[in-house]
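Below you'll find the structure, written out as structure tokens, and then a few comments.
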Amino acid sequence: MNYVDRVLADIDKRYSNQPEFLQAVHEVLESLRFVIDEDEKRYESNAVLETITEPDRQIIFRVPWIDRNGNTQINRGYRIQFSNAIGPYKGGLRLHPSVNLSIIKFLGFEQIFKNSLTGLPIGGGKGGSDFDPKGKTDKEIMSFCQSFMTELCKHIGADTDVPAGDIGTGGREIGYMFGHYKRIRGLYGGVLTGKGLSFGGSLVRTEATGYGLIYLTREMLEANGYDIAGKTVCISGSGNVAIYAVEKAQQLGAKVVTVSDSTGWVYDPQGIDLAALKEIKEERRARLTEYKKYHPESEYHEGKGVWTVKCDIALPCATQNELTLEDAKILVKNGCIAVAEGANMPSTADAYKFLQTNGVLFAPGKAANAGGVATSALEMAQNSERLAWPFEKVDEKLREIMVNIFHKIDEASKLYGLEKDYVAGANIAGFLKVADAVMAQGAV
Ligand code: NDP
Ligand code: 2IT
């Protein structure tokens, strides 16, 4: 059995109860076959694949907090420090009832290669909790965040591990966590990113993932002879990534006609009203059912369905495995030309393979949504030099990073005779830098 198959068989056996982690590992390792074949002995004798698939450390802890009735509630907290081969662990914290070890491990694993693609010195990590922020008061959120940080603060630091936002963790949560870290550790530093602008946050970090997604999508379209202006775009989700993807797509002349949340989706043939969307989601933290009050001519549908709307470009920006083979078939039938992942692993494996086989340009999350973490690394740089850069400077750096990522993954795919397979390109380009660092640093 060759090296890749042996490692995959071993991981399949050990982690049969971690489906999302296995899905992410299979996608990456299967793309690496050509690379590993070139020098199998060296990779194998250095146990490179075993090293990158086994987290450095997995921290799991109890999070007690007090609810509005004075009762104690218990949640489970996670921080997976996956790889610090190329820099301190870096990655978000997800707060969602579905969070479990498999989900945090898949996210941490993806983060290794995503962070490598940014060209910046950041390793891979992820964390979070099965805490559900929906319907909680600000005080309950604060109680949870402080308790979560009471344990997490023992394991993180500006040069060790720097968490940030993800699903359910935005500016409010990062603020509470930062305050508590500062109180316990007595340190005022860049230990979290996505901080408020008044206490060390970076301009553009809020917008970065959505903007970055559109910068990369535009570059991919242009490289293939298309223009983003005038295109019809379907977006799923209505959180941080989705909102700023809508904003940048509109700025570049595209028409976004859908957004969704966990209960339903909106179709607005006139184009999504960004101001209304921000008011509903960022200010009122309300459901998308509210959108119809602003635009009675729009449609609201319960459940899933965003991908049934005819579009040129589809941008899944909600969660993992939200775009299935069935959805992919509809997108192809409707003449979709490009899919770029704002979320992490939103397309199932059979869905993205079907899209690629049918000529749809497909940008995987670890490339397409890297703008968020890249701008987090820019926030770390600003914190280290105790300066704050202007919006235009950060935005320009973000744009450059996303353009570079596209060309890196495009070139890597061509180098291995896999032209336009941007999944393989991203996995290969992300891996090569990490593998080099792993081998150079010895058995650690
Ligand atoms: P938010 O919490 O701001 O928004 C998440 C959105 O997705 C909401 O509209 C939410 O609906 C919807 N959603 C979440 N879970 C589900 C689910 N199980 N089923 C259906 N809808 C769901 O998160 P972000 O926008 O930050 O994150 C979205 C995706 O982007 C995630 O995959 C995240 O990992 C990824 N990502 C985020 C980055 C960032 O910088 N924030 C960077 C790179 C990737 P509802 O509100 O109803 O729950
Ligand atoms: O998935 C991701 O890249 C994020 N949630 C952002 C991580 C970060 O450290 O900014």
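Counting convention: from 1, in listed order, for ligands and their atoms alike.
Remark: ligand 2 atoms within the under-4.0 Å shell around heavy atoms of G92 are 7 (C). Per-residue contacts place G165 under 4.0 angstrom from the following atoms of ligand 2 (heavy atoms of the residue considered): 4 (C), 5 (N), 6 (C). Atom numbering of ligand 2 starts at 1 in the shown order; those under 4.0 Å from a heavy atom of G91 are 7 (C), 9 (O). Contact atoms of ligand 2 toward K126: 1 (O), 2 (C), 4 (C), 5 (N) (distance under 4.0 Å to a heavy atom of the residue). Within the listing of ligand 2, atoms 1 (O), 2 (C), 3 (O) sit less than 4.0 angstrom from a heavy atom of K114. Remark: ligand 2 atoms within the under-4.0 Å shell around heavy atoms of R205 are 6 (C), 8 (C), 10 (O). Close contacts between ligand 2 and S376 involve ligand atoms 8 (C), 9 (O), 10 (O) [criterion: under 4.0 Å to a heavy atom].
Shortest non-hydrogen contact noted between L274 and I243 is CD1-O, 3.7 Å.
Under the 4.0 angstrom criterion for non-hydrogen atoms, K304 is not in contact with ligand 1. At a 4.0 Å cut-off, not a single heavy atom of M345 sits close enough to ligand 1 to count as contact.
The protein atom (non-hydrogen) at minimum distance from atom 40 (O) of ligand 1 is T209 OG1, 2.7 Å. Closest to atom 19 (N) of ligand 1, if we only count protein heavy atoms, is T319 CG2, 3.9 Å. Of the protein's heavy atoms, G239 N, 3.9 Å lies nearest to atom 6 (C) of ligand 1. Residue, atom and distance of the protein heavy atom nearest to atom 12 (C) of ligand 1 are A318 CB, 3.9 Å. If you check which protein heavy atom lies closest to atom 11 (O) of ligand 1, you get S262 N, 3.3 Å.
Looking at ligand 2, you'll find an N or O of K90 within less than 3.5 Å of one of its N or O atoms. The N/O atoms of N240, backbone and side chain alike, include one that comes under 3.5 Å of an N/O atom in ligand 1. Taking distance alone, with nitrogen or oxygen atoms compared against 3.5 Å, R205 approaches ligand 1 more closely than that limit.
Remark: aromatic rings of F82 and F106 are distant, center separation not under 6.0 Å.
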* Under the salt bridge (charged side-chain N to carboxylate O under 4.0 Å, His left out) rule, what do E151 and K154 come out as? Steps first, then yes or no, please. => CA-CA 6 Å; E151 178 61 31; K154 300 169 190 166; 2.8 Å; yes
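The main-chain N or O of K134 is found under 3.5 Å from a side-chain atom of D132 such that the two form a donor-acceptor pair.
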